[in-house]
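Side chains are part of it too, since the values below use all heavy atoms of this structure and drop only hydrogens, waters and symmetry mates. Not measured: the values here are computed from a predicted model.
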Amino acid sequence: MSNKRNVSHNHAFAPPQLEAPAGIGFAIGLEIEAIEVCQVIQDVESQVTLVAGKATLVRVYIKQSSVTAVARLRGEIAVRASETGPATFVPALNELNLDPADTATLPDKREAIEKSLNFRLPENMTRAGDIVIEVNRVTQAGGADQPLTGTRRKPATFVAAPPLRIHCIGLRYRDTRTNTTHSPDAIHFTYLRSFLERAYPVPSVIWSHIVVDADFTAPFNVDTVVQANMQVAAIRSADVSAGVDPRTHYFGLVDDANRANFMRGRAMGIPATPQPDTVASGPCGAGNGFAGDTDASYADWYGAHELGHTFGRFHPGFPVGDQDASDPQFPFANGQLSNADRRFVGYDLGDGALGIPLKALAGPGHHDVMTYADRQWLCSHTFEAIRTRLRAEDEQFAPAMV
């Protein structure tokens, strides 16, 4: 009987068995599949140039096989300017629902913004130079830190770039048929500026705009955009002579009067060398499904296209039959952001003031801004080319020091 009591006593005071929090395979550990640092367009190795001072997202992908049941995860990264420097700790923007039954591959996850833990880098961590990003902790929502395996660290390098300088001129015209006057609403300037800030390879947009009386009337013809560009070029010439920064690109904006007066956009030229005096003009109006655009204005991607010409960008030739193929170096099929390998994913980091959310843009399902296709963004080819031209313009046309 004494032996029985001893056995019972020992059992009562044995160390308790650790139990995994509900939903997590505790012994396995959460396996980090990849870390991606992205701004506008990126591959999983983060080989597209990161522009210093530009809004930047870090995505952390975790393998579904790391858990034994559905788990809600939150996370935190540590960001350092050097391997041993002090850390800035950044919490995730979202919760990640990890489901072991989910069959999504890494390419699938990259095309769905909710399939990763997402972190917005603070501005002071996007200065020119190197940083080191480390996954500091991942927790079950409301629970404890989880053990981590896989690659927890990711270096990133930010490259200095000049701002984009834009002066947008709204051209107010009279329709002789109805004796009505039309000029761009403020929303069109706002959408164009926002798109350029989000999609162009720049840390910021130095923006100004005015509305002036146009040198033309409606109804329009094929020469209307030529007249618009001539007027915009004359205004630019006078402004630069009066002291405006010569690196400023000028763009004319013409309201389409609810499609009654649609002026097809055009750049005055496609310069092979840095020439910021090359102007362009384009239409504006509500999206209404135009090229897949359903928001308040299509001035954003349309203006970005015409301005792209002023930075030396040509057409990829898509859709075939609608657009000339004047860019023989364009690397992606059908004017897409990526080929079928899904290497590249576009990222729109959003604009809260306009209700534009953070989203991932599947490469094969979206098209470069220099096409005439639906759902436009910047591919890596266009992003890097405009970045290079902007830098060349900045070096060549910076005002002389006095």
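Ring centroids of Phe332 and His367 are separated by 6.0 Å or more, keeping the two rings apart. Remark: aromatic rings of Trp377 and Phe195 are close, center separation under 6.0 Å.
A salt bridge links Glu95 with Arg72; the closest basic N to acidic carboxylate O contact falls under 4.0 Å. The pair Glu393-Arg247 does not meet the salt-bridge criterion, since no charged nitrogen lies less than 4.0 angstrom from a carboxylate oxygen. Note on Arg165 versus Asp394: salt bridge recorded, some NZ/NE/NH1/NH2 to OD/OE distance being below 4.0 Å. Ion pairing between Arg313 and Asp327 holds under the 4.0 Å rule for side-chain N and carboxylate O. We find that Asp341 and Arg343 are not joined by a salt bridge, their nearest charged nitrogen and carboxylate oxygen being 4.0 Å or further apart. At a threshold of 4.0 Å, the pair Asp293-Arg375 does not count as salt-bridged, since none of the basic side-chain nitrogens sits closer than that to a carboxylate oxygen. A salt bridge is absent between Lys154 and Glu36; no separation between the charged side-chain nitrogens and carboxylate oxygens falls under 4.0 Å. The existence of a salt bridge linking Glu306 and Arg266 is excluded, since no basic side-chain nitrogen approaches an acidic carboxylate oxygen closer than 4.0 Å. Taking a cutoff of 4.0 Å between a charged side-chain nitrogen and a carboxylate oxygen, Glu197 and Arg193 qualify as a salt bridge.
For the pair Tyr372 and His305, the minimum side-chain heavy-atom distance is below 4.5 Å. Under the 4.5 Å side-chain criterion, counting only non-hydrogen atoms from C-beta, Val70 is not in contact with Leu98. In this structure the side chain of Pro271 reaches within 4.5 angstrom of the side chain of Thr278, judged on heavy atoms. A heavy-atom distance below 4.5 Å is found between the side chains of Leu106 and Val44. Between Phe344 and Gln42, every side-chain heavy-atom pair lies at or beyond the 4.5 Å cut-off. You'll find the side chain of Pro399 reaches within 4.5 Å of the side chain of Asp245, heavy atoms only. Within the 4.5 Å cutoff, the side chain of Leu96 has heavy atoms near those of the Ile62 side chain. At least one side-chain heavy atom of Glu384 sits less than 4.5 Å from a side-chain heavy atom of Thr49.
Counting heavy-atom neighbours within 6.0 Å of Glu123 CD, excluding the residue itself, gives a total of 12 or less. Residue Arg177 qualifies as enclosed at atom CZ: its count of foreign heavy atoms under 6.0 Å is above 12. Within 6.0 Å of CG in Asn258 there are 12 or fewer heavy atoms belonging to other residues, nucleotides or ligands.
When only modelled atom types and interatomic distance are considered, Lys109 and Gln64 share a side-chain donor-acceptor pair under 3.5 Å. Residues Asn136 and Glu76 have side chains that bring a donor and an acceptor to within less than 3.5 angstrom of each other. There is no side-chain donor-acceptor pair under 3.5 Å between His167 and Thr248. Between the side chains of Asp239 and Tyr250, at least one donor N or O sits under 3.5 Å from an acceptor N or O. Using a 3.5 Å distance cut-off with no hydrogens or angles, the side chains of Glu31 and Thr149 do not pair a donor with an acceptor. Residues Arg387 and Tyr200 bring no donor and acceptor atom of their side chains to less than 3.5 Å of each other.
Of the candidates Leu196, Asp300, Asp351, Tyr191 forms a side-chain contact (heavy atoms from CB on, under 4.5 Å) with just one, namely Asp300. With His182 as reference, Tyr173 is the one residue of Phe216, Tyr173, Phe262 to meet the ring-ring contact (aromatic ring centres under 6.0 Å, His included) rule. For the side chain to side chain donor-acceptor pair (under 3.5 Å) with Asn261, the qualifying choice from Asp175, Asp256, Asp255 is Asp175, the only one to do so. Exactly one of His188, His209, His249 qualifies for a side-chain contact (heavy atoms from CB on, under 4.5 Å) with Cys168. That residue is His209.
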Residue pair Ile113, Asn118: steps toward the side chain to side chain contact (heavy atoms under 4.5 Å, CB included) verdict: CA-CA 8 Å; Ile113 202 67; Asn118 303 317; 3.8 Å; yes
Steps toward side chain to side chain contact (heavy atoms under 4.5 Å, CB included) verdict (Ile41, Leu378): CA-CA 7 Å; Ile41 186 78; Leu378 267 67; 5.6 Å; no
Trace of the side chain to side chain contact (heavy atoms under 4.5 Å, CB included) decision for Phe330 with His381: CA-CA 7 Å; Phe330 193 81; His381 174 72; 3.6 Å; yes
Stepwise side chain to side chain donor-acceptor pair (under 3.5 Å) test for Thr371 and Asp368: CA-CA 6 Å; Thr371 68; Asp368 184 66; over 6 Å; no
Audit row: Ser183, Arg172, side chain to side chain donor-acceptor pair (under 3.5 Å) steps and yes/no: CA-CA 4 Å; Ser183 60; Arg172 183 193 303 113; 4.6 Å; no
Evaluation steps, side chain to side chain contact (heavy atoms under 4.5 Å, CB included), between Phe318 and Gln336: CA-CA 9 Å; Phe318 185 80; Gln336 298 165 178; over 6 Å; no
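Here the OG-CG distance, from Ser281 to Asn229, works out to 4.0 Å after rounding to the nearest 0.5 Å. Put simply, OG1 on Thr139 and CZ on Arg74 are 7.5 Å apart, with the number rounded to the nearest 0.5 Å. The line from OG of Ser326 to CD1 of Ile270 is 5.5 Å long, rounded to the nearest 0.5 Å.
Pairing each heavy atom of Ala161 with each of Val51, the nearest pair is CB-CG1, 3.7 Å. Nearest heavy-atom pair across Met125 and Val79 is SD-CG1, 3.4 Å.
Using modelled atom types, one side-chain atom of Arg59 and one backbone atom of Arg110 make a donor-acceptor pair closer than 3.5 Å. Of the possible polar contacts, none joining the Glu111 side chain to the Ala362 backbone as a donor-acceptor pair under 3.5 Å is found. Between the Thr181 side chain and the Arg174 main chain, no donor and acceptor come within less than 3.5 Å of each other. Looking at Asp295, its side chain never comes within 3.5 Å of a backbone N or O of Tyr298 through a donor-acceptor pair.
Classified by interplanar angle (parallel below 30°, tilted 30° to 60°, perpendicular above 60°), the ring pair His309/His315 is perpendicular.
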